[in-house]
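Structure first, commentary second.
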Amino acid sequence: MEGKPRLHYFNGRGRMECIRWLLAAAGVEVRCGFIQIIFKLIQGGTLMYGQHLPMVETHGMNLVETRAILRYIPAKYDLYGGNLKEQAWIHMYVEGLNDLSNMIMFLPLSLPEEEMNLAYILEKATTRFFPVCEKVSNQLLPYFLVCNWLSWADTQQPKIILMTEECKPSVLLGFPLLQKFKARSKSIETVKNTFKLERGMFLKNMTSTVAEY
């Protein structure tokens, strides 16, 4: 029987965060190995390219490169759709949601007079990104973005929703189906066990997020 995947990264937020959400939303329990064992990995030649993180130990492999990891996990856990068309849709949703995530992640580096400010981010979230997801949810029941089952695209939504709500708690008022999806996602056991879903969990750690991204 295969053991739990082990995640190696700094004890903070950054590129590993989307991987953690992907695994948690898929119901996969993980183990974490933070900074205290990274030097052992470097000295032992375990890390590809010498000093490359994040790394995921799983199924007899040491996976590096964030995008490579994010493609392997959906394929392994049946989160990648049933055909090439569905995979293309999944990638479009994931990349779009990542655009919004990156806007919020780098918000602390933006000056008030710059275009990428809080008002700009909230306007894009409520007029561009969330309406697309809400519209699809009206067409597919149970609520999934692409397939008739959970996909990689769905696993990225809880993180984006919670990040945006920290910027404006009432941001989902006009999106009732996204509210239901958020509640369902937060009830997943591995999500509850992996993340302390208190308000402020993202902005509280935003400095380390940006520093390690």
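Along the sequence shown, residues are numbered consecutively beginning with 1.
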What are the two closest non-hydrogen atoms of [X] and [Y], and how far apart are they?
{"X": "Y93", "Y": "A153", "answer": "CB-CB, 3.8 Å"}
{"X": "V56", "Y": "P5", "answer": "CG1-CB, 4.3 Å"}
{"X": "C147", "Y": "G81", "answer": "SG-CA, 3.5 Å"}
{"X": "P131", "Y": "A125", "answer": "CD-O, 3.7 Å"}
{"X": "I69", "Y": "P74", "answer": "O-CD, 4.3 Å"}

Are any non-hydrogen side-chain atoms of [X] and [Y] less than 4.5 angstrom apart?
{"X": "M103", "Y": "Y120", "value": "yes"}
{"X": "L84", "Y": "Q87", "value": "yes"}
{"X": "Q157", "Y": "L145", "value": "yes"}
{"X": "Y72", "Y": "T58", "value": "yes"}
{"X": "L22", "Y": "L79", "value": "yes"}

- prompt: Should W149 and Y80 be regarded as members of a common hydrophobic cluster, given that ILVMFWY residues are connected when their side-chain heavy atoms come within less than 4.5 Å of each other, either directly or indirectly?
  reply: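 No, because W149 and Y80 fall into different hydrophobic clusters, even though each may have its own neighbours under 4.5 Å.
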
If you round to the nearest 0.5 Å, how far is [atom2] of [Y] from [atom1] of [X]?
{"X": "T155", "Y": "Y77", "atom1": "OG1", "atom2": "OH", "result": "13.0 Å"}
{"X": "K159", "Y": "C18", "atom1": "NZ", "atom2": "SG", "result": "6.0 Å"}
{"X": "S151", "Y": "W89", "atom1": "OG", "atom2": "CH2", "result": "12.5 Å"}
{"X": "T164", "Y": "I104", "atom1": "OG1", "atom2": "CD1", "result": "3.5 Å"}
{"X": "M55", "Y": "I19", "atom1": "CE", "atom2": "CD1", "result": "11.5 Å"}
{"X": "L122", "Y": "F130", "atom1": "CG", "atom2": "CZ", "result": "9.0 Å"}

Can I get a per-line list of side-chain donor-acceptor pairs under 3.5 Å for residues 169-181, giving both atom names and the distance, sequence neighbours left out?
from	atom 1	to	atom 2	distance (Å)
Q179	NE2	L172	O	2.6

- prompt: By salt bridge (charged side-chain N to carboxylate O under 4.0 Å, His left out), which residues pair with E29, not counting sequence neighbours?
  reply: K4

All pairs passing salt bridge (Lys or Arg N to Asp or Glu O under 4.0 Å) where residues 84-103 contributes a residue, at least two apart: R67-E95

query: Ignoring hydrogens and geometry, is there a side-chain-to-backbone donor-acceptor pair from T127 to E123 under 3.5 Å?
result: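 Yes, the answer is positive, given that a donor and an acceptor are paired below the 3.5 Å cut-off.
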
